Novice: 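First the structure, then my questions, so here it is.
The model shown is predicted, which means the values in this text are computed figures rather than measured ones. Hydrogens, waters and symmetry mates are skipped; everything else that's a heavy atom, side chains included, is used.
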Amino acid sequence: MSVRSGTGRVAFSATRQTNHEPTDMSNRTMIIYFDQILVNVGGHFDQESSVFLAPRRGVYSFNFHVVKAYNRQTIQVSLMLNGWPMISAFAGDQDVTREAATNAGLVIMERGDKAYLKLERGNLMGGWKYSTFSGFLVFPQKKKSAQKCWPEN
């Protein structure tokens, strides 16, 4: 995966087409993998690792919807930037069979920063074909700003 974007256009959208059995995703903190790419302008979303690599410094928009099905437990999903949780979402209604943990936000990324989704808590069983992870570059920034909200590496 390259960290160069010749056109300046950066966007991706990926979905989970296959289901997981409880033994695959049970009560473990782990990266959530997406197995079908719908859009990958610039090629900066790596399908194998399900990690987005920022090609340039700028403001990026991310949104996600992660579905839990037939599971009476709460799940927590976080958008991670370089290992730090930026935004999170919960799904925990005990009276429904399907529910989505969903959230969206803008973040400042440096060239080479990594963004991915992480299951922080709970189980994910089935229903994955409705889960999505998307992002795009809103606008590039040339000067370094002090607006980041996580420690420097």
Side-chain angles (χ1 to χ4, degrees), residues 1-5 7-17 20 24-69 71 73-93 98-125 127-153:
M1 179 166 34
S2 171
V3 292
R4 231 182 245 194
S5 178
T7 66
R9 296 180 183 182
V10 179
F12 76 93
S13 187
T15 185
R16 183 78 206 177
Q17 290 294 307
H20 282 281
D24 293 339
M25 297 286 288
S26 294
N27 286 322
R28 297 187 338 199
T29 299
M30 60 186 342
I31 292 176
I32 299 173
Y33 292 95
F34 295 87
D35 57 3
Q36 182 182 24
I37 293 177
L38 303 175
V39 172
N40 197 8
V41 176
H44 303 288
F45 181 79
D46 181 59
Q47 184 175 350
E48 187 175 322
S49 67
S50 289
V51 172
F52 171 76
L53 186 65
R56 63 191 314 170
R57 173 176 224 297
V59 174
Y60 290 81
S61 175
F62 292 98
N63 66 72
F64 61 88
H65 309 277
V66 177
V67 175
K68 70 172 188 125
N71 182 354
Q73 295 184 19
T74 298
I75 63 167
Q76 177 185 350
V77 177
S78 294
L79 171 68
M80 308 295 289
L81 259 58
N82 299 324
W84 294 90
M86 301 309 301
I87 57 175
S88 296
F90 293 87
D93 190 332
R98 291 189 178 100
E99 187 179 14
T102 183
N103 209 338
L106 298 174
V107 294
I108 295 173
M109 296 180 76
E110 300 293 337
R111 180 179 175 172
D113 282 353
K114 295 178 182 180
Y116 55 92
L117 293 185
K118 186 175 182 182
L119 176 66
E120 298 276 15
R121 174 178 166 204
N123 297 321
L124 298 175
M125 298 167 41
W128 278 74
K129 65 183 178 176
Y130 302 108
S131 297
T132 61
F133 178 34
S134 302
F136 61 91
L137 174 64
V138 178
F139 57 85
Q141 285 188 315
K142 294 187 181 197
K143 294 183 180 180
K144 192 165 187 163
S145 67
Q147 297 160 330
K148 287 179 125 181
C149 53
W150 69 91
E152 295 291 328
N153 289 345

Novice: Measuring from atom NZ of K114 to atom CG of L53, what distance do you get when rounded to the nearest 0.5 angstrom?
Specialist: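 Here the rounded value is 6.5 Å.
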Novice: If you measure from NE2 on H44 to CZ on R9, what distance do you get to the nearest 0.5 Å?
Specialist: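 That separation rounds to 13.0 Å.
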Novice: Measure across S131 and V67 and return the closest heavy-atom pair with its distance rounded to 0.1 Å.
Specialist: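 That closest heavy-atom pairing would be OG-N, 2.9 Å.
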Novice: Would you check if V77 and K118 make a side-chain contact, meaning some heavy-atom pair closer than 4.5 Å?
Specialist: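 No; the side chains remain at least 4.5 Å from each other.
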Novice: If every non-hydrogen atom of V66 is compared with every non-hydrogen atom of I75, which pair is closest and at what distance?
Specialist: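 Residues V66 and I75, closest heavy atoms: O-CD1, 4.1 Å.
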Novice: Hey, could you give me the CZ/CD distance between R56 and E110, rounded to the nearest 0.5 Å?
Specialist: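 With rounding to 0.5 Å, CZ (R56) is 12.5 Å from CD (E110).
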Novice: Between S49 and I31, which heavy-atom pair has the shortest distance, and what is it?
Specialist: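 Looks like O-CG2, 3.9 Å.
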Novice: For A104 versus I87, what's the shortest heavy-atom pair and its separation?
Specialist: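 Closest approach of A104 to I87: C-CD1, 3.6 Å.
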Novice: If I take atom CZ from residue R57 and atom CG from residue D113, how far apart are they, to the nearest 0.5 angstrom?
Specialist: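 Output value for this atom pair is 9.5 Å.
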Novice: For A115 and L81, which heavy atoms make the closest approach, and how far apart are they?
Specialist: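 Residues A115 and L81, closest heavy atoms: CB-CD1, 3.6 Å.
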Novice: Closest approach of R111 and P55, non-hydrogen atoms and distance?
Specialist: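 Closest heavy-atom pair between R111 and P55: CG-O, 3.4 Å.
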Novice: For the pair Q47 (side chain) and F34 (backbone), establish whether a donor and an acceptor sit closer than 3.5 Å, ignoring hydrogens and angles.
Specialist: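 Such a contact is absent between Q47 side chain and F34 backbone.
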Novice: Got F136 and V41 here, is their nearest side-chain heavy-atom distance under 4.5 Å?
Specialist: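 No, too far: nothing below the 4.5 Å cut-off.
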Novice: Out of the candidates Y33, F12, F64, Y116, only one should pair with F133 under the ring-ring contact (aromatic ring centres under 6.0 Å, His included) rule; please name it.
Specialist: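 Among Y33, F12, F64, Y116, the one that satisfies the ring-ring contact (aromatic ring centres under 6.0 Å, His included) with F133 is F12.
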Novice: About how many Å separate CZ of F62 and CG of L117, when rounded to the nearest 0.5 Å?
Specialist: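 L117 CG to F62 CZ: 9.5 Å, rounded to 0.5 Å.
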Novice: How long is the span from the CZ atom in F52 to the CG atom in D46, to the nearest 0.5 Å?
Specialist: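 Nearest 0.5 Å value for the CZ-CG distance: 12.0 Å.
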